[in-house]
Visitor: 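Have a look at the structure that comes next, please.
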Amino acid sequence: MNFDIIADLTWRGLIHQTTDDQNLAQWLNSRSRSVYIGFDPSADSLHVGSLLQLMLLRRFQRAGHRPIALVGGATGMIGDPSGKSEERNLLSVDSLRANVVGIERQVRQFLDFDCGDTSAVLVNNFDWMRKFSYLDFLRDVGKNFPVNVMLGKDSVKSRLSSEAGLSYTEFSYMLLQAYDFVHLNEQFDCELQVGGSDQWGNITAGIDLARRMRGTQVFGITSPLLVDSEGKKIGKTAEGTKVWLSSERTSPYLFYQYWINVGDADAGPCLRYLTELSRDEIESLDESRANSPHERSSQKRLGEELTRLVHGETGVAAARRATDIFFGAEITGFSDGQLRDIFTDVPSIELPLSRLEGEGLGVLDAFVEAGLAKSKGEARRTVQQGGAYVNNRRVADVDAKLTSSDLASESVMVLRSGKKRYALLRFVR
RNA sequence: GGGGGGAUUCCCGAGCGGUCAAAGGGGUCAGACUGUAAAUCUGAUGGCUACGCCUUCACAGGUUCGAAUCCUGUUCCCCCCA
């Protein structure tokens, strides 16, 4: 092994805790190992919180190890109490199955499944857990879990002392995840589990179980959670919606914008945690951020790198094109299709084409119809204050009428209120 | 059960019977500045067929030329005494 992954992860700040600080580096450098990270199928897409973990697997693979991505088809049926303050609602089996498929597809795009010995492996713990009978599980696995130790885990302790309590189901969660580790150890010689810092309890439970059941020594590493300088989770937009990896849930443009808007204080950690930029590149970005913050080269690079990783080169192009439009000049001479791609996240409303005929459609009415103003009075104010735009061209006249000559494409008109609130009017026959 | 106070426009909160669509603050929206940031500054903030008109101050009545402001009843809230 010619790459010291522990040194790299340490420099990036990606190591929160390990089960063996002294020997892990040497152990990983001595030969190729199998490493596993689990992903929870609580939705049909992963979000940026999981991006850090996906990248970790990628880093291990690049360093010459074999990554195993586990999708929790079984554990997802139970619900991990770690870091959750309340009991979760159980997902239906159908939606769980759909979620597993969606997540598997995303994982595939981050790892190399065809590179010989270190080809990535994708597993679903439902495949082995389903075969267990309750009695067998209690005898083989449960017997190895002293309840007093389980009660000592943070995830359990915090819930027991709170109002919310904890069901027997969630209490049992750690047995399942612990057994996953043992199973992967048997099947794939997996000796290292990685996870977020909230996974420490589950990981050590697996290590204990492996020792008891198989007499083998395995290891664990946890990464920090992705939080901003104020301690809040990174990966939520200002409106509070999660930033997802799937383009159906979060368009490439919004994804890109999210990173462009990351605060200066958070840009450094994000570059280290999430990108594969070299130490030199990141440090020169740090410098640029300190000396000429207004250029925001860190944020731009971050947006570009991550959008490329998640949405590919076409995603970057789409995000760039949309960015130019959103912050740019007048919108004319586009086709409906182009506008639809650029404004995927923008609300739109259909109006009959006849509204544009004759007198034309009053601007105030247009803004109210589009939902950009609650009343014509409000629309009037916006226009008077210079905050109303049609196709990115400011409208100054309260009595202005819109006709078919104001269409930005065959049938679409782009309205904007203020700096960034957009809405589309689609005129149909 | 007795006594007292209160209910105001998105929120908090002011409001001598006329000059009240209703002070002030918050929030929100727009503008300027800026790094698509933060902070700051400015303006706006019931509706409309808009130099005017209409509907609002818990609800229902009443007094008055005129009521958010006075009277009566109703509902809800708070405080004190039992």
Side-chain angles (χ1 to χ4, degrees), chain A residues 48 227-232 234-241 243 250-271 284-307 315-331 342-347 355 358-401 414-423:
Chain A
V48 301
V227 294
D228 66 18
S229 50
E230 273 139 40
K232 290 201 286 269
I234 283 182
K236 283 201 177 169
T237 63
E239 294 77 44
T241 52
V243 180
T250 301
S251 72
Y253 165 73
L254 273 190
F255 184 86
Y256 177 77
Q257 281 295 315
Y258 178 77
W259 299 111
I260 290 294
N261 284 314
V262 162
D264 289 354
D266 303 319
C270 283
L271 284 167
S284 90
L285 286 170
D286 288 345
E287 213 169 293
S288 150
R289 205 163 60 249
N291 298 331
S292 40
H294 57 279
E295 284 173 12
R296 292 185 314 138
S297 38
S298 294
Q299 284 89 339
K300 284 176 187 163
R301 194 66 193 277
L302 191 59
E304 199 173 301
E305 290 293 322
L306 295 181
T307 307
V316 175
R320 280 233 187 81
R321 205 168 52 231
T323 300
D324 287 346
I325 295 284
F326 277 98
F327 297 95
E330 195 171 330
I331 307 169
I342 293 166
F343 292 97
T344 39
D345 305 297
V346 165
R355 296 285 294 271
E359 270 275 278
L361 175 63
V363 222
L364 302 186
D365 291 312
F367 273 76
V368 173
E369 297 267 16
L372 291 176
K374 282 199 281 295
S375 67
K376 291 177 76 168
E378 191 179 311
R380 179 181 301 270
R381 251 175 267 132
T382 307
V383 172
Q384 283 166 346
Q385 292 174 142
Y389 299 80
V390 173
N391 301 329
N392 271 352
R393 196 177 59 234
R394 183 178 273 180
V395 179
D397 181 9
V398 172
D399 296 316
K401 300 277 188 258
V414 183
L415 303 188
R416 181 178 126 213
S417 164
K419 285 192 176 60
K420 42 178 107 169
R421 284 173 63 219
Y422 278 87

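None of these values were measured; they are calculated from a predicted model. Below, chains carry the letters A, B, ... as their sequence lines are ordered, and counting in each starts from 1.
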Visitor: Rounding to the closest angstrom, what is the interatomic distance between B/rA37 and B/rU28 at atom P?
Guide: 15 Å
Visitor: Could you pull out every donor-acceptor pair under 3.5 Å between side chains of residues 372-379 of chain A and any protein atom, sequence neighbours left out?
Guide:
residue, atom, partner, partner atom, Å
A/Ser375, OG, A/Gly377, N, 3.4
A/Ser375, OG, A/Glu378, N, 3.2
A/Lys376, NZ, A/Asp365, OD1, 3.3

Visitor: Any side-chain heavy-atom pair from A/Tyr258 and A/Thr250 closer than 4.5 angstrom?
Guide: no
Visitor: For nucleotides B/rG15 and B/rG5, find the distance between their P atoms and express it as a whole number of Å.
Guide: 16 Å
Visitor: Check whether any side-chain heavy atom of A/Val243 lies under 4.5 Å from a side-chain heavy atom of A/Leu254, and answer yes or no.
Guide: no
Visitor: If you compare all heavy atoms of A/Lys401 against all heavy atoms of A/Glu359, which two are closest, and at what distance to 0.1 Å?
Guide: CB-O, 3.5 Å
Visitor: Can you tell me which stems RNA chain B forms when a stem means 3 or more consecutive Watson-Crick or G-U pairs under 3.5 Å?
Guide: B:1-7 with B:75-81, B:10-12 with B:24-26, B:27-32 with B:40-45, B:46-48 with B:52-54, B:58-62 with B:70-74
Visitor: Nearest heavy-atom pair of A/Cys270 and A/Ile234: which atoms, and what distance?
Guide: SG-CD1, 3.8 Å
Visitor: What distance, rounded to whole Å, do you find between the two C1' atoms, one in B/rC29 and one in B/rG35?
Guide: 23 Å
Visitor: With rounding to whole Å, what would you report as the distance between B/rG27 and B/rU36 at their C1' atoms?
Guide: 23 Å
Visitor: Considering only the C1' atoms, how many Å lie between B/rU64 and B/rA14, rounded to the nearest integer?
Guide: 26 Å
Visitor: With under 30° as parallel and over 60° as perpendicular, where do the rings of A/Phe326 and A/Tyr422 fit, or are they tilted in between?
Guide: perpendicular
Visitor: Rounded to whole angstrom, note down the P distance from B/rU63 over to B/rA68.
Guide: 16 Å
Visitor: Could you tell me whether A/Arg380 contacts a base, only the sugar-phosphate backbone, or nothing, with contacts defined as non-hydrogen atoms closer than 4.0 Å?
Guide: base
Visitor: How many whole angstroms separate atom CD of A/Gln384 from atom P of B/rA50?
Guide: 13 Å
Visitor: Any donor and acceptor pair, going by atom type alone, linking the side chain of A/Asn391 with main-chain N or O of A/Val414 inside 3.5 Å?
Guide: yes
Visitor: Can you list, by residue number, the residues of residues 361-372 of chain A that have a non-hydrogen atom closer than 4.0 angstrom to RNA chain B?
Guide: none
Visitor: Knowing that exactly one of A/Arg296, A/Gln299, A/Arg289 qualifies, which makes a side chain to side chain donor-acceptor pair (under 3.5 Å) with A/Asp264?
Guide: A/Gln299
Visitor: Minimum heavy-atom separation for A/Leu361 and A/Ala366, please, with both atom names.
Guide: CD2-CB, 3.9 Å
Visitor: If I compare all heavy atoms of A/Pro252 with all of A/Ala319, which pair ends up nearest, and what's the gap?
Guide: O-CB, 3.8 Å
Visitor: Taking only nitrogen or oxygen atoms into account, show me every contact under 3.5 Å that the protein makes with nucleotides 43-47 of chain B, one pair per line with its distance.
Guide:
residue, atom, partner, partner atom, Å
B/rG43, N2, A/Gln385, OE1, 3.1
B/rG43, N2, A/Gln385, NE2, 3.4
B/rG43, N3, A/Gln385, OE1, 3.3
B/rA44, O4', A/Gln385, OE1, 3.2
B/rA44, O2', A/Arg381, NE, 3.3
B/rG47, OP1, A/Ser375, OG, 2.7
B/rG47, OP2, A/Arg381, NH2, 3.4

Visitor: For B/rG47 versus B/rA23, give the span between their P atoms, rounded off to a whole number of Å.
Guide: 15 Å
Visitor: Starting at the 5' end of nucleotides 21-26 of chain B, put B wherever the base has a protein heavy atom under 4.0 Å, S where only the sugar-phosphate does, and a dash everywhere else.
Guide: ------
Visitor: Does the distance from a Lys or Arg side-chain N to an Asp or Glu carboxylate O, for A/Lys300 and A/Glu295, drop under 4.0 Å?
Guide: no
Visitor: Locate the shortest heavy-atom distance separating A/Ala396 from A/Val383; write the atom from each residue and the value.
Guide: O-CG1, 3.8 Å
Visitor: Is there a donor-acceptor pair closer than 3.5 Å between any side-chain N or O of A/Arg321 and the backbone N or O of A/Asp324?
Guide: no
Visitor: In whole Å, measure the gap between the C1' atoms of B/rC10 and B/rG46 for me.
Guide: 12 Å
Visitor: Does the side chain of A/Ser288 come under 3.5 Å of the side chain of A/Ser297 through a donor N or O and an acceptor N or O?
Guide: yes
Visitor: List the steps and the verdict of side chain to side chain contact (heavy atoms under 4.5 Å, CB included) for A/Thr344 and A/Tyr253.
Guide: CA-CA 9 Å; A/Thr344 39; A/Tyr253 165 73; 5.7 Å; no
Visitor: Does A/Asn392 reach the main-chain N or O of A/Ile325 with its side chain, forming a donor-acceptor pair under 3.5 Å?
Guide: yes
Visitor: Determine, for nucleotides 35-42 of chain B in 5'-to-3' order, which nucleotides have protein heavy atoms under 4.0 Å from the base (write B), from only the sugar-phosphate (write S), or from neither (write -).
Guide: BBS-----
Visitor: Taking any heavy-atom pair under 4.0 Å as a contact, classify A/Ser417: base, sugar-phosphate, or nothing.
Guide: sugar-phosphate
